[in-house]
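Only one structure is covered here, and it is reproduced in the block below.
Values reported hereafter were calculated over all heavy atoms of this structure, with side chains retained and with hydrogens, waters and symmetry mates removed.
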Amino acid sequence: QVQLVESGGGLVQTGGSLTLSCVSSARTISAYPAAWFRQAPGKEREFVATITSSGTDTYYANSVKGRFTISRDNAKNTVSLQMSSLKPEDTAVYYCAASRVGGLPLSRELYEYWGQGTQVTVSS
């Protein structure tokens, strides 16, 4: 069973930066694509970014492209999300996820493993 634990959330002002981390309990996470999703109050959980198992390819939602960077360190079973130029509309609970589907899955239904989430709040 793969367990994912996120950290790094918090309160930041508009224009600020945060880095989220996701650590896996299983070394097999390195074989899976991973992603970050987010869910704002009253809204559906939405895709943010995904990265292939090797880390060579990434894909971002248009709303975060150019501001967020997803990366991974398979030796440490860790996936990170660097967020900069944060906006109030980035406020949400951010979830790490891993999928046994290859490539760059974009749909949350394709992700089998999920963390508990970490809150990111951007003040205006």
Side-chain angles (χ1 to χ4, degrees):
Q1 181 70 18
V2 175
Q3 291 184 320
L4 305 176
V5 179
E6 303 98 334
S7 63
L11 174 64
V12 64
Q13 292 185 332
T14 296
S17 300
L18 278 176
T19 297
L20 306 182
S21 294
C22 172
V23 178
S24 169
S25 61
R27 296 177 66 180
T28 52
I29 191 68
S30 63
Y32 302 156
W36 288 92
F37 287 77
R38 66 186 182 186
Q39 188 167 18
K43 295 189 176 181
E44 296 280 321
R45 190 170 300 188
E46 66 175 5
F47 167 80
V48 174
T50 185
I51 187 167
T52 52
S53 56
S54 63
T56 54
D57 294 297
T58 58
Y59 187 84
Y60 297 90
N62 287 335
S63 59
V64 306
K65 197 174 297 182
R67 300 188 298 122
F68 290 12
T69 301
I70 189 171
S71 61
R72 68 190 302 159
D73 184 341
N74 286 337
K76 297 182 179 180
N77 301 331
T78 300
V79 178
S80 299
L81 185 69
Q82 293 177 279
M83 307 184 294
S84 61
S85 302
L86 284 162
K87 307 174 182 179
E89 50 264 43
D90 294 318
T91 295
V93 177
Y94 283 71
Y95 297 90
C96 175
S99 171
R100 292 195 289 180
V101 173
L104 292 167
L106 304 183
S107 172
R108 65 184 184 189
E109 287 75 21
L110 297 177
Y111 285 85
E112 181 174 348
Y113 306 109
W114 292 85
Q116 293 300 306
T118 185
Q119 176 71 47
V120 172
T121 303
V122 184
S123 63
S124 57

Count I, L, V, M, F, W, Y as connected when their side-chain heavy atoms are under 4.5 Å apart, and connections chain through other members. Are [X] and [Y] then in the same cluster?
| X | Y | answer |
| --- | --- | --- |
| W36 | I51 | yes |
| L18 | F68 | yes |
| W114 | L20 | no |
| V64 | F47 | no |
| Y59 | F37 | yes |

As a quick check of understanding, evaluate side-chain contact (heavy atoms from CB on, under 4.5 Å) for R108 and Y95, giving each step before the final call.
CA-CA 11 Å; R108 65 184 184 189; Y95 297 90; over 6 Å; no

Can you tell me how far the [atom1] atom of [X] sits from the [atom2] atom of [Y], to the nearest 0.5 Å?
| X | Y | atom1 | atom2 | value |
| --- | --- | --- | --- | --- |
| S124 | K87 | OG | NZ | 14.0 Å |
| N74 | S54 | CG | OG | 8.0 Å |
| T58 | R72 | OG1 | CZ | 12.0 Å |
| Y113 | S25 | OH | OG | 10.0 Å |
| L81 | T19 | CG | OG1 | 8.0 Å |

Taking all atoms of both residues into account, what is the closest heavy-atom pair of [X] and [Y], and its distance?
| X | Y | answer |
| --- | --- | --- |
| A34 | V79 | CB-CG2, 3.7 Å |
| S21 | S80 | OG-OG, 3.9 Å |
| L110 | S99 | O-OG, 2.7 Å |
| T78 | K76 | OG1-O, 2.9 Å |
| V93 | G117 | CG1-CA, 3.8 Å |
| C96 | E6 | N-OE2, 2.8 Å |

Take a 6.0 Å sphere around [atom1] of [X] and say whether it holds more than 12 heavy atoms from other residues, nucleotides or ligands.
| X | atom1 | answer |
| --- | --- | --- |
| K43 | NZ | no |
| E89 | CD | yes |
| E109 | CD | yes |

Main chain of T69, side chain of Q82: is a donor-acceptor contact present, judged purely on distance under 3.5 Å?
no

Under 3.5 Å, side chain of S24 to main-chain N/O of L4, donor-acceptor pair present?
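Not a single qualifying donor-acceptor pair exists.
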
I'd like to check [X] versus [Y] (side-chain heavy atoms, cut-off strictly below 4.5 Å). Are they in contact?
| X | Y | value |
| --- | --- | --- |
| D90 | R38 | yes |
| P33 | L104 | no |
| Y60 | R67 | no |
| T91 | Q119 | yes |

Sort out for me which residue in V12, T14, L11 forms a side-chain contact (heavy atoms from CB on, under 4.5 Å) with S123.
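Passing option: L11.
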
Determine whether the side chains of Y32 and R100 contain a donor N or O and an acceptor N or O closer than 3.5 Å.
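The criterion, which ignores hydrogens and geometry beyond distance, is not satisfied for R100 and Y32.
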
